[in-house]
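Notes for the one structure printed next.
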Amino acid sequence: MRGTTYTRLLHLWVPMLVVSVWALIDDGTLWVPAVVLLPVGLLPAVRTGEGVQARLLLTPGEPEGVFSVAPSASWRDRLRTVVWLQVRMVLGAATVGVCVWLPVGAVQLTRLALGHRDVGSLFGWEPGPHWAYGLLVPLLLLALYGAVVGLGSLATVAARAFLGPSAAERLAALEERTEQLLERNRIARELHDSIGHALTVAVVQAGAARAANSPEFTERALAAIEETGRAALEDLERVLGVLREAERPASARPTLADADRLLESARSSGAKVDAEVTGPLETVPGPVSREGYRILQESLTNVLRHAGAVPTRVRVAVADGVLTLEVRNPLPAGPQDPGRGSGLRGIRERAALLGGRARTGPDAGDWRVRVELPSG
C-alpha cells in the first residue's frame with residue numbers, strides 16, 4: 001500500500017528497458033547488456049546518475065546522504081558501481097520474471113477453475129480443468145505482492161551497500177559539517193562582540209550623560225551612540241547577509257587597521273585609553289588581523305561593562321612573527337568575576353582557532369587580557 005513500493009518497482013524495471021530493446025535485435029544473447037555495463041560502470045559520472053536514481057526511487061522522502069551523488073573519485077568507487085549495475089540487472093531480471101509469470105499463472109489457474117481446457121502448460125505442467133485450482137490463485141497473488149516488496153527492499157539494501165558514501169566522502173561530509181558549525185559559531189561570536197559592544201557603549205554614554213547634566217556632554221554622548229550604533233548596524237547587515245546567502249563569503253570585516261574607531265568609542269564613553277601600537281601592523285595576515293580586532297573589541301567592551309570609565313592601557317605589538325594584544329584596567333571594587341562569561345570564552349576560542357593563546361584574569365592589581373597570535 002506504500003508509494004515507495006511502486007517507485008522501487010519502477011527502479012527495478014528501468015534496466016530491463018535496455019534488455020527489451022536488445023531483445024528486438026537478438027533475443028538469444030540477452031546477456032550482452034550486462035557485459036556492456038562492465039566498462040560503463042567505470043565512468044565516474046555513472047555513479048552520480050545511479051545515486052540520483054536510488055535517492056529518488058528507492059528512498060523517496062528520506063533524508064539525503066544515504067546515497068552518494070558524487071562522481072567516482074577512486075577505483076574502489078568505480079568497482080562498487082560496476083558490481084551495483086550487475087546486481088541491479090539480476091534483480092531487474094527477477095522482477096520481470098515475477099511480474100510476468102506469477103500473474104500469467106494466476107490467469108491460467110482461473111481459467112482451469114472455470115473449466116477451460118486450452119490453457120496449455122502451467123510452469124511445465126499441463127493439468128486438466130478443476131474448480132480447486134481457483135483456491136491457488138490468491139496464493140500466487142500473495143507471492144507476487146511479497147516478491148515485489150521483497151525485491152524492492154533487497155534493491156534498497158544493495159544500493160546502500162554499493163552506492164553509499166565511501167570513507168573519503170563521509171570524511172569530506174564530516175569536514176563540511178564541521179566547517180558549517182564553526183561558521184555558525186563564528187557568526188554568533190561576531191554578533192555577540194559587535195552588538196554587545198554597541199549596546200555597552202550606548203548604556204555607558206546614556207548613564208554618563210544623565211549624571212553629567214551638561215548639554216555639551218549630552219551632545220557628545222549622543223554623537224558617540226549614533227556612530228557606534230551605525231557601525232553595529234553595518235556589522236549586523238553583513239552577518240545577516242552571510243546567513244541569507246550561504247555561498248557568499250564574509251567580506252569587509254574590520255581589521256586592526258580600524259582599531260582607532262574602537263579606541264575613540266571607548267574614549268567617548270569616558271574611559272581614558274592609553275594606546276600604543278608597535279611593529280608592522282600591515283604585515284599581519286587578514287584572518288589574524290580580523291580576529292585581533294574582535295578580541296580588542298570584546299576586551300574594551302568588558303572594561304566598560306564591568307569596570308566603567310576607568311583608565312585603560314592598550315598595547316598592540318607585532319614582533320618575531322607574533323601579534324600581541326594586551327588590555328589592562330584597574331580591578332573594580334567588590335567581588336570579582338572569575339571570567340567564565342561568553343565574552344572571555346569567545347576570546348579564548350578565537351585565539352585557540354588561530355593557534356595562539358589567551359590569558360585573562362587579575363594581574364598586579366589590574367584586570368589583564370593578553371592574547372598572542374601567530375602572525376607569520
Side-chain angles (χ1 to χ4, degrees), residues 189-212 217 220-229 231-232 235 254-278 281 289-317 323-351 356-373:
R189 288 197 302 267
E190 291 275 321
L191 288 175
H192 174 272
D193 294 349
S194 178
I195 306 304
H197 176 78
L199 292 177
T200 299
V201 169
V203 170
V204 172
Q205 290 280 7
R210 175 180 294 177
F217 187 88
R220 292 196 302 271
L222 290 176
I225 292 173
E226 180 183 5
E227 180 181 355
T228 304
D235 284 344
T255 66
L256 285 174
D258 305 306
D260 286 344
R261 79 177 188 182
L262 288 179
L263 301 176
E264 289 303 320
S265 177
R267 291 186 179 111
S268 64
S269 299
K272 297 179 180 180
V273 180
D274 175 19
E276 179 182 342
V277 179
T278 59
L281 199 61
S289 186
R290 287 190 289 268
E291 293 304 316
Y293 177 92
R294 291 306 184 190
I295 290 172
L296 178 60
Q297 183 180 53
E298 180 59 27
S299 300
L300 293 174
T301 299
N302 284 338
V303 171
L304 295 174
R305 181 182 296 137
H306 300 292
V310 297
T312 304
R313 285 172 290 171
V314 176
R315 298 292 181 266
V316 180
L323 169 65
T324 303
L325 297 171
E326 184 175 270
V327 178
R328 302 178 70 104
N329 63 275
L331 283 169
Q336 302 303 315
D337 188 349
R340 291 193 295 266
S342 59
L344 295 180
R345 183 173 64 248
I347 290 176
R348 290 188 285 267
E349 288 176 353
R350 289 180 186 274
R357 59 179 180 175
R359 286 173 287 181
T360 61
D363 180 70
D366 291 338
W367 179 268
R368 184 185 70 164
V369 175
R370 181 180 176 86
V371 178
E372 296 176 356
L373 304 175

ask   = So how far is it from Thr312 OG1 to Leu304 CG, rounded to the nearest 0.5 Å?
value = 7.0 Å
key: Shortest non-hydrogen contact from Ala351 toward Leu373   = CA-CD2, 3.7 Å
query = Who passes side-chain contact (heavy atoms from CB on, under 4.5 Å) against Arg359, sequence neighbours left out?
reply = Arg357, Arg370, Glu372
request  = Under the side-chain contact (heavy atoms from CB on, under 4.5 Å) rule, what do Ile295 and Arg348 come out as? Steps first, then yes or no, please.
outcome  = CA-CA 9 Å; Ile295 290 172; Arg348 290 188 285 267; over 6 Å; no
message = I need the Glu291 CD to Ile347 CD1 distance, nearest 0.5 Å.
response = 11.5 Å
query = At what distance, to the nearest 0.5 angstrom, does CG of Leu344 lie from OG of Ser299?
reply = 8.0 Å
ask   = Is the closest side-chain heavy-atom distance between Val303 and Val327 below 4.5 Å?
value = yes
message = If the threshold is 4.0 Å, N to carboxylate O, is there a salt bridge linking Arg290 and Asp258?
response = no
query = Which heavy atom in Leu256 sits nearest to a heavy atom in Ser289, and how many Å separate them?
reply = N-OG, 3.0 Å
task = Check Trp367 against Leu331 and note the closest heavy-atom contact, atom names and distance.
result = CB-CD2, 3.7 Å
request  = Please report the shortest heavy-atom distance between Asp363 and Arg328, naming the atom on each side.
outcome  = OD2-NH2, 2.8 Å
task = Return the set of residues passing side chain to side chain donor-acceptor pair (under 3.5 Å) with Asp260 (not counting sequence neighbours), or none when no residue passes.
result = none
query = At what distance, to the nearest 0.5 angstrom, does CZ of Arg345 lie from OG1 of Thr360?
reply = 12.0 Å
message = Holding to side-chain contact (heavy atoms from CB on, under 4.5 Å), I want the full list of residues that pass it with Ala259, two or more places apart in sequence or in another chain.
response = Leu296
query = Of all heavy-atom pairs between Leu325 and Gly292, which one has the smallest distance, and what is that distance?
reply = CD1-O, 3.5 Å
task = For Leu300 and Leu263, run side-chain contact (heavy atoms from CB on, under 4.5 Å): C-alpha distance rounded to whole Å, both residues' side-chain angles, the deciding distance at 0.1 Å, then the answer.
result = CA-CA 8 Å; Leu300 293 174; Leu263 301 176; 4.1 Å; yes
query = Do Glu264 and Arg267 meet the salt-bridge criterion of a basic N to acidic O distance under 4.0 Å?
reply = yes
task = State, yes or no, whether a side-chain contact exists between Arg261 and Pro254 at a heavy-atom distance under 4.5 Å.
result = yes
note = Interatomic distance, CG@Asn329 vs CZ@Arg313, rounded to 0.5 Å, equals 9.0 Å
note = Correct closest heavy-atom pair for Thr255 and Tyr293 would be O-CD1, 3.0 Å
